[in-house]
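Quick caveat: nothing in here was measured; it's all calculated off a predicted structure.
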Amino acid sequence: MQQVKNGDTVKVHYHGKLTDGTTFDSSAGREPLEFEVGSGMVIKGFDEGVLGMAIGDKRTVEIPVDEAYGPADPQMLIEFPIDRLPADLKPEPGMQLSMTDGAGQNIPVVITEVKDDSVILDGNHPLAGEDLVFDLELVEIVAPKSRIIMP
């Protein structure tokens, strides 16, 4: 029976939880996640978690912070003047916004605190600082596409 190795493209159903059991994502009711193993398309621990699986195998993998989204970075907390927010925006903790950096890249941020004249924005990934648990089921190892090389 074929087992997953680096370079394979696979389809996986997953249920992602925090260590307290809280679900943060799941492929239930959707198409399975398709990715190339070892390509960096998914977090390291998820990538490594499918290695050696065969179609139909189920596995639970515990992924420590360093193999997930890394520790929360205090430098990603930004104090931002309220008067620079859109005038019709009423900022509240937990509100998600998008900022643009100097290179024109959008950066998702979350308001963590509202002060009199500023807000604290958190640009960390929402799962930074968390150990993660994934229940995995390997659905398919996708056959490589044939390539015809013309002389």
Ring pair (Phe, Tyr, Trp, His ring centres under 6.0 Å) partners for His125, two or more places apart: Tyr69
Would you please name every residue forming a side-chain contact (heavy atoms from CB on, under 4.5 Å) with [X], sequence neighbours left out?
X      : result
Gln3   : none
Asp116 : none
Asp131 : Thr19, Pro64, Val65
Pro32  : Lys11, His13, Val139

Sequence neighbours excluded - ring-ring contact (aromatic ring centres under 6.0 Å, His included) pairs with any residue from [range]:
range            : result
residues 100-122 : none
residues 19-43   : Phe24-Phe134, Phe35-Phe46
residues 83-105  : none

Report the residues that fulfil side chain to side chain donor-acceptor pair (under 3.5 Å) with Lys5, sequence neighbours left out, ordered by chain and then residue number. Asp8
Residues pairing under side-chain hydrogen bond (donor to acceptor under 3.5 Å, both in side chains) where one sits in residues 105-115, two or more places apart or in two chains, turn out to be Thr100-Asn106
Any side-chain hydrogen bond (donor to acceptor under 3.5 Å, both in side chains) pairs touching residues 40-67, not counting sequence neighbours? Thr60-Asp135
Which atom pair, heavy atoms only, marks the closest approach of Gly49 to Met53? O-SD, 3.8 Å
Hydrophobic cluster membership, Val133 vs Ile43, 4.5 Å side-chain cutoff: no
Donor-acceptor contacts, no H, no angles, side chain residues 75-96, under 3.5 Å, sequence neighbours left out:
residue, atom, partner, partner atom, Å
Glu79, OE2, Ser118, OG, 2.7

